[in-house]
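Notes to accompany the following structure.
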Amino acid sequence: MFKPGDKVTAATYQKAAAWCNERNHYTIEDYTIVEIPPKTEAQKAAEIREMRDRLLAETDRYMLPDYPVTDERRQMYRQYRQYLRDIPKAADFPDIELLEFAKWFDLWS
């Protein structure tokens, strides 16, 4: 239906936007369908680090000595946080899947 370079009008904008969203590699700029360039290694690395930092922040509370969690569970969070800190050293970084705690726990327990 659409292809890169096609001009989009007000009448076709919704259909063109849906077409772009279904394919994940296109967007509309200045009413023209354009291909989204692939992310650079630096962009991918920055995104992974940002997600990793968010996950670390979400688990900070488990490291507090007065947080109501068992010692066993706190140790699991320590190991998970170490996994997160080691992500940038992984051989396939930044092309790596970042696991949230529940998924990581299922794989390692």
Side-chain angles (χ1 to χ4, degrees):
M1 176 182 261
F2 295 100
K3 64 184 180 307
D6 283 355
K7 292 290 183 187
V8 178
T9 65
T12 61
Y13 193 90
Q14 277 190 322
K15 286 184 180 180
W19 182 89
C20 290
N21 289 339
E22 289 169 5
R23 284 151 185 80
N24 291 327
H25 297 290
Y26 302 97
T27 191
I28 299 171
E29 291 180 2
D30 299 322
Y31 289 93
T32 303
I33 295 177
V34 296
E35 190 168 357
I36 298 171
K39 293 178 182 172
T40 65
E41 292 296 306
Q43 288 170 322
K44 288 191 255 181
E47 284 180 6
I48 293 291
R49 282 189 179 100
E50 184 179 314
M51 288 188 298
R52 187 252 344 236
D53 292 348
R54 179 183 52 80
L55 291 170
L56 279 167
E58 288 175 3
T59 61
D60 282 348
R61 65 179 176 254
Y62 297 101
M63 298 299 101
L64 298 172
D66 60 344
Y67 189 80
V69 66
T70 65
D71 288 340
E72 182 181 335
R73 191 70 164 180
R74 183 173 282 117
Q75 183 58 31
M76 289 301 298
Y77 275 102
R78 275 192 195 100
Q79 292 172 9
Y80 174 67
R81 289 168 59 85
Q82 187 61 54
Y83 151 77
L84 292 173
R85 286 190 294 273
D86 290 342
I87 289 290
K89 300 174 194 168
D92 50 352
F93 180 80
D95 298 315
I96 192 167
E97 180 186 3
L98 199 56
L99 303 177
E100 293 195 10
F101 179 77
K103 192 170 183 180
W104 175 87
F105 183 79
D106 287 345
L107 290 173
W108 293 103
S109 62

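Keep in mind that the numbers below use all heavy atoms, side chains included, and drop hydrogens, waters and symmetry copies.
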Non-neighbouring partners of [X] that pass salt bridge (Lys or Arg N to Asp or Glu O under 4.0 Å), sequence neighbours left out:
X      : value
Arg74  : Asp71
Glu100 : none
Arg49  : none
Glu47  : Lys39

Next item on the list: Check which hydrophobic residues are tied to Tyr62 through side-chain heavy-atom contacts below 4.5 Å, counting indirect links as well, and list them.
Entry: Ile48, Met51, Leu55, Leu56, Met63, Leu64, Tyr67, Val69, Met76, Tyr77, Tyr80, Tyr83, Leu84, Ile87, Phe93, Ile96, Leu98, Leu99, Phe101, Trp104, Phe105, Leu107, Trp108
Next item on the list: Inspect the contact between Arg54 and Glu50 and indicate whether a charged nitrogen and a carboxylate oxygen are less than 4.0 angstrom apart.
Entry: no
Notebook entry, point to check: Going from CG on Asp6 to NZ on Lys3, what distance comes out if it is rounded to the nearest 0.5 angstrom?
Noted result: 4.0 Å
Next item on the list: Mind jotting down which residue pairs meet the side chain to side chain donor-acceptor pair (under 3.5 Å) criterion with at least one end in residues 21-34? Sequence neighbours excluded, please.
Entry: Lys7-Thr32
Checklist line | Heavy-atom closest contact (Glu41 atom, Pro94 atom, distance) | finding: OE1-CD, 3.2 Å
Notebook entry, point to check: What are the two closest heavy atoms between Ile28 and Ala17, and how far apart are they?
Noted result: CD1-N, 3.8 Å
